[in-house]
Each structure stands twice: as structure tokens, then as C-alpha cells.
Amino acid sequence: MRVLSSELKEHIGKEAMIQGWLHKKRLLGGLNFLTIRDRRGLVQVLVENKDEIEKLRGLQIGTVLEITGNVIEEERAPGGAEIHEPALSVMVPVTDEPAIEIDKPISHKSEHLDTLFEHRVLNIRNIQEQKIFRIRASLTRYIREYLNQNEFIEIDTPKLLAEATEGGAEVFTLDYFGKTATLAQSPQFYKQIMVGAFERVYEIGHSYRAEPSATTRHLTELTMLDIEMGFVIDHDEVLDMVGNMTKHVLKAVYDEHSADLKSLNAPELKLEEAVVPRFTIAEIHEMYTKATKTDTTSEKDLTPDEERWISDYARKQLGTDLVYAVKFPAEAGKFYHKFDDEGTVLWGDLLFRGLEIATVPLRENNYQKMIDQMKSAGLDTEHEGFRAYLSAFKYGLPIHGGCGFGIDRLVQKTVGLANVKEATLFPRDINRLAP
RNA sequence: GGGCUCGUGGUGUAGAGGCCUAACAUGCCUCCCUGUCACGGAGGAGAUCGCCGGUUCGAAUCCGGUCGGGCCCGCCA
């Protein structure tokens, strides 16, 4: 029976068999220490028999080993226990020298990110690096738990589409048996259609944007959480749902991964306000202009510096890492958004530690108003690409709203990473398609 | 798409016209070492300085182009 690293202490005084990767060698001559890595962590093995250590001659870090020996309580060993008098068996020999050193901290400096992604296969074996992606897995797990508990149905919608009808972002095109297909920039139409069946739906999937953006917050292939809920009372209900979910998920992850987050130098979580506070775009422009003497009052959207400024303000003045920017000017809206009487879009941007992580709008649900808004946006309502979408409205959609939520950005800001790509295993950007 | 920057052994850096036949750290190889945990010590291999062209008696170093990286802005998740 294989014993995992975290279970070693339970086997003190007995013989145990472990399997894992050779992580580190410290050869002192008559006294040799091996560190073995498995999915739970590390085990130290003390090798005094020269014949056993000779089995590793010519083999590199990463060699897969099976080791059987006596488990000894030893306070000098990391973890308080180690294996003595081991018998080594090489399961998979590795003779190629790893290109990077995995037992040491992997550099996340911006100028080293290319090396990081080029050698991802190896650096993901670094314990510290793995923590980012264990935290990422927990974030999406808690999101699913929260939404499932609130009667949301998880759906999967196609990413191969006939053509781009949603508008907005640039899309990728590809050959599809002689026809031209596009990659979905979001599940927007499909999730709204599904409100007509399930009321509450969500999807965690990939979206593709052909925007030539070269920034620390853009990917061409991103992971989005799309939520849509019907029969809402007003925009505030949607803002509250998304805000409360985010708070719940962050608290749960900070609770479960407190040690990991600390070791990654993640910021302390601040969520003192009962609900996520809201400021209108106009208010933020005014506050920012007053505070920085940089006039932004004629901007329609927030500038990246305003996003950072209002987040900083919310953290310091209100004790919260989450803040909403609401009531966007009408020209910022799309044809499927709902507009209020004051001529603003019922749309909220959820900001987390200086970065927009979600857009949270209310949708127009009236069939005739949709037709009108599409026409005034210059769209052809008879277009084949709108038929299924519009028929969902024709056959009855309740008032609904939801969000497009950037999972990669959530992970980035939770951990405190400078670049969204660091929160992604194999990031796709304007220049990178491999590995 | 616009602007600004950076490319030197596997990895991270130093060198900024001749001292470079390119230095240091780490990794790798050989040897020594009985409590290491960034182990320590001795020795060794490993880079024509991204690529192409130019200036110069002489270029890693200056200039032009090109390719690749990074950051900011626009746009957005």
C-alpha cells in the first residue's frame, strides 16, 4: 500500500512504501538526504547505504521512485518524520537535466514570464507554483457550490459558432468544412436563451477574444463564469447576488488556503461591508478628479487608473476589497442591455483590488424593445444569426440579468499576482500559442 | 492598433568601443564530507553576447533593419 507524504506520521515505527518524484538531493557522503514529492507534499528519506544511493547515479531530479523503509519520528526532519534504511526502486529513470530548478522559488518578475511559461511543464512541479492552481481550483469549486445551492443549473454552450453576431470584441475565425466558423467571445446569447427554460443558469467555460491587447490583464483565451438569472426585481438584486457570491467564495478560499495565501504574499482579505458598496461612474469621475487633479469627467468608462484609485479608496475608507461601479453612460451599452429613464445603462462593474473582474448588467427582456434597440444599433434583425436568440424573447423571457466574470482575473487578484497570465497554466496571448 | 523599453552559458545576472581568449551565482559532471534542509569544500565541462547589415585599425558594447520578450495606453473579463 502506498503511503502519501501527509500520512507518514501515522506510520511511525512501521515500514512504509512511498512513491513519487525525486525532488532534491543533498549528498553528504555517508549521510544522504533525498526529498521525494507526491501530490500531497514532500517526504525526506535518509540514505546511508552506499549501494542504494548508487542507484541514482546518472539520474536527474524528476526521476520517479518507489521507496520502502522504516518510518522514524525525527524532529530534525521537515514534517517531523522521515524514512530510514530505504530500499530504492527506480520506476521511471530521468537522464535529461531539467532546464530550470524546480525546488527553488520560480521567478514571477515580468521580464521572466516568458521563461516561466516556456518551462511550465517543469515549474508546475514547484510546490509554491502549484499553490496558485490549487487555489484556482478551490475558487471555482466554491463558485459551483454557491450557485448550485442557489438553484442555478450548470450549462455548457457551444464555442464554435456560425458567425459573430454579438458585436463588441474581435473574434477568431476558422475553417469549418469549407464554411467559416468563429470562436465564441462569450456565451451571451445561449445563457439568455436558457433563462427561458431554467430561470437560473451558469457556465464556467472558455471565451475567445481576438483583440490585439498586450496588457497584464488580457488573454485571447480566457475562462469566464457566465451567470444569468430570471425573475429579478431590479438591477440591485443581480448586483447583490454576484457580490454575495464573490464574498462567500473569497472568504471560503481564504479560510481553506490561509497558509498558502500567506506564503504567496497575498494581501489580507478585507470585506467589512455587509453588501458590496456602489459608486456611480459619475461619482467616481468626480472623486478621482478632485483627488488627483486629473480631469476624467468627460470619459465614458473608467480609466485603469480610476479603477485602481476607487479600489484603493474602498479598501482604506470602507474596509472592502470589492466595490461596484454602476450606471454607465448610454453609449457604453450594447443592444441587449437594459437602459433606465435617466439614460444610463443598468450595468455594474465589479472591481476587486483595482481590477475589473466582472460586468453585471440587467438585460432588456421585451421582444419589441429588443428589436428597436437592435435597429438603432444598426443591426439587421432579420439576420440568420439572431433567429434563435430573438425567438427566445418572442416566446417569453422574464426580466433577467447576470454577469460575465473573469476567473483568471479573480485568481490573479486573490493571490496578488501582477499579470493575469500567471494565474493561467498555459496562457494564450497575442504572441503565445504554445505550450 | 499607438508609445516606451529589454535580448550575454540550461537558468538568473555583470560587462557599456581595445583590459573579453567574455566574469559571477546557480544548475550539471568528477572527487571529499555522518543531520542536511539555498549543506559545505576541491576540480571540470558549458555562451562565437537573438539575427542580418553598417561605422571603426578594433564591436557583446555605437548605428540601421529584423525577430523575440516585457510594460503602459486604447479595448475589455
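By convention in this document, chain letters (A, B, ...) are assigned in the order of the sequence lines, proteins followed by strands, and residues within each chain are numbered from 1.
- When rounded to the nearest whole Å, the span between CD of A:Glu356 and P of B:rG74 equals 12 Å.
- Between A:Arg125 and A:Asp103, none of the side-chain N atoms (NZ, or NE/NH1/NH2) sits under 4.0 Å from a carboxylate O, so this pair counts as no salt bridge.
- To the nearest angstrom, P of B:rC76 lies 12 Å from CD of A:Glu299.
- The phosphate of B:rC29 has OP1 or OP2 within less than 4.0 Å of a side-chain N or O from A:Gln60.
- Using a 4.0 Å cut-off, some side-chain N or O of A:Arg57 falls inside it from OP1 or OP2 of B:rU30.
- Among the protein residues, A:Ile357 comes within range of the sugar-phosphate backbone only, with heavy atoms under 4.0 Å from sugar or phosphate atoms but none that close to a base.
- Within the 4.0 Å cut-off from OP1 or OP2 of B:rC71, not a single side-chain nitrogen or oxygen of A:Arg217 is found.
- Across all strands, A:Lys109 comes closer than 4.0 Å to no nucleic acid atom at all (heavy-atom distances).
- Heavy atoms of other residues, nucleotides or ligands lying less than 6.0 angstrom from CD of A:Glu286 number 12 at most.
- Searching all strands for a Watson-Crick or G-U wobble partner of B:rC24 with both distances below 3.5 Å returns B:rG12.
- At the heavy-atom level, A:His84 lies under 4.0 Å from base atoms of the strands shown.
- With a 3.5 Å ceiling on both atom-pair distances, B:rC33 lacks any Watson-Crick or G-U wobble partner.
- At a cut-off of 3.5 Å, with distance as the only test, a side-chain donor of A:Gln192 or A:Gln188 sits close to an acceptor on the other residue.
- Residue contacts for A:Asp408: at a heavy-atom cut-off of 4.0 Å it reaches no nucleic acid atom on any strand shown.
- Under the Watson-Crick or G-U wobble criterion, with both distances below 3.5 Å, B:rG18 is paired with B:rC57.
- When rounded to the nearest whole Å, the span between CZ of A:Arg37 and C1' of B:rC37 equals 17 Å.
- A:His112 has a side-chain polar atom (N or O) that falls below the 4.0 Å cut-off from OP1 or OP2 of B:rU13.
- Counting any heavy atom pair closer than 4.0 Å across all strands shown, A:Thr223 reaches no nucleic acid atom.
- Contact annotation: A:Asn32 side-chain N/O to B:rU34 OP1/OP2 distance is not under 4.0 Å.
- Contact annotation: A:Arg26 reaches the phosphate of B:rC39 (side-chain N/O to OP1 or OP2, under 4.0 Å).
- Across all strands, A:Ile407 comes closer than 4.0 Å to no nucleic acid atom at all (heavy-atom distances).
- Among the heavy atoms of the strands lying under 4.0 Å from A:Ser213 is at least one base atom, whether or not backbone atoms are also near.
- Nucleotide B:rG27 holds its P atom 12 Å from the NZ atom of A:Lys25, rounded to whole Å.
- Using a cutoff of 4.0 Å between basic side-chain nitrogens and carboxylate oxygens, A:Arg120 and A:Glu129 are scored as salt-bridged.
- Below 30°, between 30° and 60°, or above 60°: for A:Tyr202 and A:Phe152 the angle between ring planes is above 60°, a perpendicular geometry.
- Atom CG in A:Leu410 sits about 21 Å away from atom P in B:rC76, given to the nearest Å.
- When each of A:Arg353, A:Lys413, A:Lys247 is tested with A:Asp321 by the rule side-chain hydrogen bond (donor to acceptor under 3.5 Å, both in side chains), just one qualifies, namely A:Arg353.
- Backbone-only engagement by A:Thr115 is indicated by non-hydrogen atom pairs under 4.0 Å involving sugar-phosphate atoms exclusively.
- OP1 or OP2 of B:rC71 has at least one side-chain nitrogen or oxygen of A:Asn419 nearer than 4.0 Å.
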